[in-house]
Amino acid sequence: MAMAGLYRRVLPSPPAIDFASPEGKQLFIEAIQGGTMEGFFKLISYFQTQSEPAYCGLATLAMVLNALSIDPGRKWKGPWRWFDESMLDCCEPLEKVKAEGISFGKVVCLAHCSGAKVEAFRTNQSNIDDFRRHVIACSTSDDCHLISSYNRGTFKQTGSGHFSPIGGYHAGRDMVLVLDVARFKYPPHWVPLTLLWEAMDTIDDSSGFRRGFMLISRLHRSPALLYTLSCKHESWIKIAEYLVEDVPKLLSCKDVKDVKDVVAIVFNSLPSNFLEFIKWVAEVRRREDAGQTLSPEEKERLDVKEEILKQVQEIRLHKHVTDFLFTGKSREKESPCLCKESCLTDIADSLCCQGAVFLEGNSNGYCCQKTCVKTKSNGDVAVTVVSGTVTNGIEVQQVEVLVPSSLEMHPATNDVLTVLLLALPPQTWFGIKDEKLLKDISSLVSIDSLPTLLQEEIMHLRGQLYILKRCKDEETEEDFGAPLV
């Protein structure tokens, strides 16, 4: 019996020009000579075919993130950390994407959550001259890539909405190279920039908004140095909703008389699994020999972590949080919600087991056979080293977790909660009726006078919380940027 199916499509030309055709090759050579193919080489090194007919947005984003060498911070397969379509699931369930595709706003959300810097524009928020300028900027550099969301019909191609990265620009012919991730259907091809703009300047029926383009680049620093929010934990929607919606309502409807009251209201009702939502960014490595010293990169990262933590502990807000947690209780006489510290041995065991999973990419659980906690001096930096021997019943791993000595083996509750209060949106406190108290709280949580390192850490967490809340409320189509203040 004959098997029904399609083997590729004939690329409609014109308007497109096949990249591998003689004319396409000539355009490529001329564009290289003109200096507008610099971004192409990184992209082509990580070019991939979408694994599902509706995965064009996921494949395009994964390709760009890998081309920018952004570390996903979690494993793909084996020990390897690598962006794959299957890992881009925090803003939209993969099954929904598989069935319906993904919107422009959700791709922007995914890029933010993956640790990239994103600038996004619908066509009604930009113009063709600005678009050309952005195309040229990305084509003459390899540290920024442009993703286009367009309607295939404009190119006389089958299908409708599609995502692909732009691989280069030919100035003389004003043409762009579309690296089509649906390689089972059409090859990479050149199209006139004006026609691509026309294809983007169309309505996406699923969202009701115009299509557009986004610029993806690396952040100037690691997205998270000491703490980060996790949208992978199953309770993140509930926690994000509590922090952004419930806390302001509680503050506006309750009679709060002092700072201690405010802190109590925020913390006494936090979901019990909150510590799964805000993560401590640890440094993990294999233990190679007893005399192993810190590399310059490890030392630099630990120096920064140490400095940020010191800055957190020196601000006035930290004292208020510490007093609440460890010297008193709220007026409702409830115990502080997170004041439960584990013993040093348990923390060391847990860190080493997590480190082994992180390094090996093995989903099998590890249990500790032996741990050792010691402090070593590395130049002017005192470092706590947790050394562990762990096994999953099949193999044995030797791992080390490097901890700035001031962390005392654990991201203390008062440190975490101080950072959380700083990361809440400024409007959180506006419902406080007592004007003097509102002024006091605003002064305590203001980040304007904080050191630059701590400001950047707080801004990252605030941006994460904002993105997570928007994803929860299905608001990603209306506003693209993470907040700067």
Side-chain angles (χ1 to χ4, degrees), residues 37-50 54-70 83-85 87-88 91-92 97 101-123 125-126 128 130-152 154-155 159-169 176-183 186 188-191 193 196-197 199-202 204 207 209-219 467 476-477 480-482:
M37 293 300 296
E38 292 302 309
F40 169 82
F41 298 98
K42 285 286 183 69
L43 285 172
I44 205 67
S45 299
Y46 301 96
F47 199 2
Q48 68 183 76
T49 303
Q50 61 190 80
Y55 273 12
C56 57
L58 303 186
T60 297
L61 182 58
M63 175 179 163
V64 167
L65 293 171
N66 288 325
L68 290 168
S69 299
I70 294 176
F83 277 107
D84 179 72
E85 298 155 310
M87 297 169 63
L88 299 173
C91 299
E92 193 81 293
V97 178
I102 191 167
S103 68
F104 186 77
K106 286 294 174 68
V107 175
V108 174
C109 176
L110 282 170
H112 276 300
C113 289
S114 299
K117 178 182 177 182
V118 190
E119 296 178 81
F121 307 88
R122 296 194 188 278
T123 54
Q125 299 169 322
S126 184
I128 191 169
D130 284 343
F131 175 58
R132 182 180 291 106
R133 178 171 55 83
H134 289 306
V135 167
I136 293 172
C138 288
S139 298
T140 54
S141 168
D142 62 4
D143 58 9
C144 175
H145 299 294
L146 189 147
I147 292 175
S148 174
S149 170
Y150 59 96
N151 191 316
R152 283 190 181 277
T154 308
F155 302 151
S160 55
H162 193 55
F163 288 91
S164 280
I166 301 305
Y169 174 70
V176 294
L177 176 62
V178 178
L179 295 178
D180 197 330
V181 291
R183 292 193 286 180
Y186 294 118
H189 47 274
W190 296 91
V191 295
L193 182 142
L196 177 57
W197 177 263
M200 294 191 302
D201 193 25
T202 53
D204 177 1
S207 69
F209 291 92
R210 291 188 180 276
R211 297 180 170 89
F213 63 96
M214 63 191 82
L215 312 174
I216 311 292
S217 57
R218 289 177 63 92
L219 294 168
I467 291 294
T476 52
E477 303 307 320
F480 300 127

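We're numbering straight along the sequence, starting at 1.
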Side chain to side chain contact (heavy atoms under 4.5 Å, CB included) evaluation trace for Ser148 with Met200: CA-CA 7 Å; Ser148 174; Met200 294 191 302; 3.2 Å; yes
Contacts of Thr123 meeting side-chain hydrogen bond (donor to acceptor under 3.5 Å, both in side chains) (sequence neighbours excluded), chain-then-number -> Asp201
Looking only at heavy atoms, what is the nearest atom pair of Ile70 and Phe83, with distance? O-CE1, 3.2 Å
Chi angles and distances behind the side chain to side chain contact (heavy atoms under 4.5 Å, CB included) call for Leu61, Phe163: CA-CA 9 Å; Leu61 182 58; Phe163 288 91; over 6 Å; no
Would you call Pro188 and Ile44 a side-chain contact if the rule is heavy atoms closer than 4.5 Å? no
If the condition is ring pair (Phe, Tyr, Trp, His ring centres under 6.0 Å), which residues does His162 pass it with, not counting sequence neighbours? Tyr150
Any side-chain heavy-atom pair from Cys56 and Gln50 closer than 4.5 angstrom? yes
If you look only at pairs with a residue in residues 136-147, which of them pass as a salt bridge (charged side-chain N to carboxylate O under 4.0 Å, His left out), with sequence neighbours excluded? Lys42-Asp142
List for me each residue that meets ring pair (Phe, Tyr, Trp, His ring centres under 6.0 Å) alongside Tyr46, sequence neighbours excluded, and say none if there are none. Trp82
Sequence neighbours excluded, which residues qualify as ring pair (Phe, Tyr, Trp, His ring centres under 6.0 Å) partners of Phe213? Phe121, Phe131, His134
Those residues that, when tested against Glu85, pass side-chain hydrogen bond (donor to acceptor under 3.5 Å, both in side chains) (two or more places apart): Ser51
Of all the heavy-atom pairs spanning Val118 and Ala111, show the shortest one and how long it is. CG2-CB, 3.5 Å
Tell me every residue that passes side chain to side chain contact (heavy atoms under 4.5 Å, CB included) with Ile136, counting only those two or more places apart in sequence or in another chain. Arg132, Thr140, Tyr169
Ser141 side chain vs Ala137 backbone, donor-acceptor pair below 3.5 Å: no
Determine whether Cys144 and Lys117 make a side-chain contact, defined as any pair of heavy atoms from C-beta on separated by less than 4.5 Å. no
Under the rule for side-chain hydrogen bond (donor to acceptor under 3.5 Å, both in side chains), what residues qualify as partners of Thr60, not counting sequence neighbours? none
Side chain to side chain contact (heavy atoms under 4.5 Å, CB included) filter on Thr49, not counting sequence neighbours, yields Arg183, Phe184
Can you tell if the side chain of Ser139 reaches within under 4.5 Å of the side chain of Glu38, non-hydrogen atoms only? no
Those residues at least two apart in sequence (or on a different chain) that pass side-chain hydrogen bond (donor to acceptor under 3.5 Å, both in side chains) with Arg211 are Thr202
